[in-house]
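Here's the structure, in structure tokens; my notes come after.
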Amino acid sequence: MTTSEPLIVLEHVNKYFGPLHVLQDVSLSVDRGEVVVVIGPSGSGKSTLCRAINRLEPINSGTITFDGKELPAEGKALARLRSEVGMVFQSFNLFAHKTILENVMLGPIKVRKEKPTAVRDRAMKLLDRVGIASQAEKYPAQLSGGQQQRVAIARALAMQPKALLFDEPTSALDPEMVGEVLDVMTSLAKEGMTMVVVTHEMGFARHAADRVVFMADGQLVEQSTPADFFENPKSDRAKDFLSKIL
Ligand code: ADP
Ligand code: MG
């Protein structure tokens, strides 16, 4: 195994919901340190793709490997995988009755059985990094949506993941809060975090992505550099999608 081996590899992945073929022969590999932005119309399978990568959704055929190993189906290996692949959703899902700091500390203590003192230190550093250290003792409802989503990112980072998956992390936010969350994501990207980001924020795709992947109807239709994708989309479906949003 060399360090140049991709971190995430999907090969010929198929997924059905009943008769609906939501992932159709999807193959994709994500290098270490790479930022891949997934875009495409609603219902095209972007969330299912993200969820399949940390096995929140089982697949029907094909293989997904993470860090050289096929995704485990259950047990301790699955718990370990989930702790190595952080996920940030549209809805922040913070625990309402725990403080911001407690929210960030919970995973490492409960799942990884780490010592609270060490975790506390790391959690405070992470809150500082996302610009929320001064809110550590508050409760989620006392924070704005943008602040809560930054806490959710700190919570994911507290598990020291090898990759982060973002599923429309700014879609539930008021417009004035989108920027602060994208700024945190951009700095993570620059620091070399491996990221798969589903988003409609085309500015982020242009400036932070190494690669843009366009999905439609369960298929990975095209992938290229952001410059290439936005200036020179190849498929009719990508051209059509871009004409509607740009
Ligand atoms: P996207 O994130 O691109 O909007 P999704 O991955 O959420 O797309 O959904 C892809 C397709 O799968 C959609 O047609 C959606 O309605 C369907 N779907 C998603 N989750 C389920 C589910 N749990 N059961 C049945 N159908 C689902
Ligand atoms: Mg979705």
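Any value given below was found using the heavy atoms of this structure, including those in side chains, with hydrogens, waters and symmetry copies removed. Counting convention: from 1, in listed order, for ligands and their atoms alike.
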Return the residue, atom name and 0.1 Å-rounded distance of the protein heavy atom closest to atom 12 (O) of ligand 1. V22 CG1, 2.9 Å
Provide, to 0.1 Å, the distance between atom 19 (C) of ligand 1 and the closest protein heavy atom, together with that atom's residue and name. F17 CE1, 3.5 Å
Looking only at N/O atoms, are G45 and ligand 1 under 3.5 Å apart anywhere? yes
Can a salt bridge be assigned to the pair K46 and D167 using a cut-off of 4.0 Å between side-chain N and carboxylate O? no
What I want to find out is whether R122 reaches E114 closely enough, with some N-O distance under 4.0 Å, to be called a salt bridge. yes
Assess S47: does it contribute an N, O or S atom lying under 2.8 Å from the Mg ion (ligand 2)? yes
S171: which residues meet the side-chain hydrogen bond (donor to acceptor under 3.5 Å, both in side chains) condition with it, sequence neighbours left out? E168
Just by modelled atom types, is the N54 backbone N or O under 3.5 Å from a matching donor or acceptor in the R82 side chain? yes
Would G40 count as a contact of ligand 1 if the rule is a heavy atom under 4.0 Å away? no
Please tell me if atom 16 (O) of ligand 1 is touched by the protein, where touching means a protein heavy-atom distance below 4.0 Å. no
Passes salt bridge (charged side-chain N to carboxylate O under 4.0 Å, His left out), E84 versus K69? Steps please. CA-CA 12 Å; E84 289 178 348; K69 292 187 277 292; over 6 Å; no
among protein heavy atoms, the one nearest atom 5 (P) of ligand 1 is T48 OG1, 3.7 Å
Can you name the nearest heavy-atom pair linking A209 to P226, along with the distance? O-CG, 3.3 Å
Protein contact for atom 22 (C) of ligand 1 (heavy atom, distance under 4.0 Å): yes
Which class fits the ring pair F214 and F241: parallel under 30°, tilted 30 to 60°, perpendicular over 60°? tilted
To which of G43, C50, G218 does the heavy atom nearest atom 1 (P) of ligand 1 belong? G43
Identify the heavy atoms of V88 and P169 that sit nearest to each other, and give their distance. CG1-CB, 4.3 Å
Taking atom 7 (O) of ligand 1 as the reference point, the nearest protein heavy atom with its distance: S47 CB, 3.6 Å
Atoms of ligand 1 under 4.0 Å from any heavy atom of S44, numbered from 1 in the order shown, are 1 (P), 3 (O), 8 (O)
Charged N to carboxylate O under 4.0 angstrom, E222 versus K239? no
May I ask you to check whether E57 has an N/O atom sitting below 3.5 Å from an N/O atom of ligand 1? no
Can you list the ligand 1 atoms lying under 4.0 Å from a non-hydrogen atom of L20? 12 (O), 14 (O), 17 (C)
